[in-house]
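Heads up: numbering here begins at 1 and tracks the sequence. A quick note: this is a predicted structure, and the numbers were derived from the prediction, not measured.
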Amino acid sequence: MFAYEKVYAWIKENIDSRRWEGGSRIPNEMDLVAELSVSRDTVRRALMRLTREGYIYRKPGYGTFVKHEKSDYRLGTLDSFTEQMKERGHVPSSDIIATSRGPLRDDRLRDILQVGPTDDVYIIERVRKADGVPMAFEVAHIPYAVCPDLEYHLPKYESLFALYENVYHHEIDFGRVLLEAAKCPEAIRPYLQLPRNEPVLTMNCTTYLTDQRPLYHVICHYSSQHYLFSTNIPRSIR
């Protein structure tokens, strides 16, 4: 076995055994050189292989970190972020970055939400976290007419879904989702703690009530380091 393979196996064992948890920073190159009595080139070859295989990732200026196990967003059901994280055994939380209320300038969003140019709409920007780790940056647009005085209830609810259903007693029917890969917008990159040019998975989702009124439209940027999306696709009848 080559020296770099021994280093690779040692680091991988620390990750697999969870001695180094997801999100934790691993020792730097020089510390690994001293710990394992190998050359720096040997350490770098091992780290490159672990990076290619998805065990670790580098944050320029911060160090090298163990990757979290990616959360699987199943597209077959409409679940809240809070519900998803609890189902996977994580502790969900949110940091509210900004809230506002007023008319929308964006014609496309007004059409989606079926509101007029003078109708008030809430805009809520949040960082969604699991076990304190930033997972997504979310911008929700909610018509005032559908959820009046929402700002008074918002501090009491971690999940907007719980607020919709428990305060306003809305019955949610379905969501229409558009998902695409994109470069992370520079303004939100620090909130997600992503390096420059790191891609995100951007979801546009409009959710409708049983009476077919739009309840909200959300634009959510998911960290590609922590998220994947999946669905079951039946074969069409020919």
Side-chain angles (χ1 to χ4, degrees), residues 22-25 51 54 56-73 75 78-85 88 90-110 112-113 121-143 147 150-151 154-155 157-161 163 175-207 214-229:
S24 63
R25 185 169 60 183
T51 301
I56 60 175
Y57 65 98
R58 181 169 178 78
K59 285 186 181 181
Y62 294 94
T64 301
F65 295 80
V66 178
K67 273 197 174 183
H68 288 267
E69 182 179 351
K70 290 192 176 185
S71 291
D72 183 1
Y73 189 117
L75 292 171
L78 185 62
D79 299 321
S80 73
F81 176 88
T82 299
E83 291 166 339
Q84 293 171 34
M85 293 302 105
R88 290 157 179 76
H90 300 301
V91 178
S93 62
S94 299
D95 291 343
I96 296 178
I97 305 304
T99 60
S100 63
R101 171 184 155 187
L104 286 175
R105 297 180 181 179
D106 190 313
D107 292 340
R108 183 185 68 89
L109 285 178
R110 287 206 305 266
I112 289 172
L113 292 173
V121 174
Y122 290 105
I123 301 177
I124 302 171
E125 300 180 23
R126 300 188 294 171
V127 178
R128 312 308 305 274
K129 296 181 176 181
D131 303 327
V133 177
M135 303 287 283
F137 189 97
E138 173 189 282
V139 184
H141 304 81
I142 308 157
C147 295
L150 180 148
E151 65 267 34
L154 187 61
Y157 285 85
E158 189 69 50
S159 167
L160 286 178
F161 270 56
L163 191 156
R176 182 170 291 122
V177 172
L178 173 65
L179 183 65
E180 59 184 342
K183 180 180 176 181
C184 183
E186 186 61 28
I188 72 171
R189 185 176 61 81
Y191 293 111
L192 294 178
Q193 299 177 10
L194 294 176
R196 291 185 183 277
N197 301 316
E198 184 76 10
V200 290
L201 299 166
T202 298
M203 172 189 285
N204 278 261
C205 177
T206 309
T207 298
L215 171 58
Y216 70 85
H217 180 80
V218 65
I219 303 168
C220 196
H221 304 283
Y222 292 93
S223 169
S224 60
Q225 293 181 350
H226 303 313
Y227 250 95
L228 59 86
F229 289 75

Exercise for the section: To the nearest 0.5 Å, tell me how far Glu198 CD sits from Lys183 NZ. Expected result: 11.5 Å
Handout entry: Flag, side chain of Asp131 to backbone of Val133, donor-acceptor distance under 3.5 Å
Key = no
Exercise for the section: Can you measure from OG1 (Thr206) to CG (Leu113) and round to the nearest 0.5 angstrom? Expected result: 7.0 Å
Practice task
Let me see the working for Ile124 and Leu150 under side-chain contact (heavy atoms from CB on, under 4.5 Å), right down to the final yes or no.
Solution key: CA-CA 11 Å; Ile124 302 171; Leu150 180 148; 3.6 Å; yes
Handout entry: Nearest non-hydrogen partners of Cys205 and Gly175, listed with the distance
Key = SG-CA, 4.4 Å
Problem - Gap separating the CG atom of Asn204 from the CD atom of Glu180, nearest 0.5 angstrom - result: 7.0 Å
Exercise for the section: Work out which heavy atom in Ala187 is nearest to a heavy atom in Pro190; give both atom names and the distance. Expected result: O-CD, 3.9 Å
Problem - Atom CZ of Arg108 with >12 non-hydrogen neighbours under 6.0 angstrom - result: yes
Practice task
Return the orientation label for the Phe137 and Tyr191 ring planes: parallel under 30°, perpendicular over 60°, tilted otherwise.
Solution key: tilted
Handout entry: Nearest non-hydrogen partners of Cys220 and Glu138, listed with the distance
Key = SG-CB, 3.9 Å
Handout entry: Backbone of Leu194 reached by a side-chain donor or acceptor of Arg189 within 3.5 Å
Key = yes
Exercise for the section: Looking only at non-hydrogen atoms, find the nearest pair between Ile188 and His221 and report the distance. Expected result: CD1-CD2, 3.3 Å
Exercise for the section: Write down the atom of Thr202, the atom of Val200, and the distance for their closest heavy-atom approach. Expected result: OG1-CG2, 3.6 Å
Exercise for the section: Write down the atom of Glu151, the atom of Arg101, and the distance for their closest heavy-atom approach. Expected result: OE2-NH1, 3.7 Å
Exercise for the section: Could you tell me the separation between the CZ atom of Arg25 and the OG1 atom of Thr64, rounded to the nearest 0.5 Å? Expected result: 9.5 Å
Practice task
Look only at the side chain of His217 and the backbone of His141, and say whether a donor-acceptor pair between them is shorter than 3.5 Å.
Solution key: no
Practice task
Report the distance from atom CG of Leu160 to atom OH of Tyr122, rounding to the nearest 0.5 Å.
Solution key: 12.0 Å
Exercise for the section: For residues Leu154 and Ile96, determine if any side-chain heavy atom of one lies less than 4.5 Å from a side-chain heavy atom of the other. Expected result: yes
Problem - Heavy-atom side-chain contact between Leu104 and Ile123 under 4.5 Å - result: yes
Practice task
To the nearest 0.5 Å, tell me how far Ser94 OG sits from Glu125 CD.
Solution key: 13.5 Å
Exercise for the section: Would you check if Ile112 and Pro214 make a side-chain contact, meaning some heavy-atom pair closer than 4.5 Å? Expected result: no
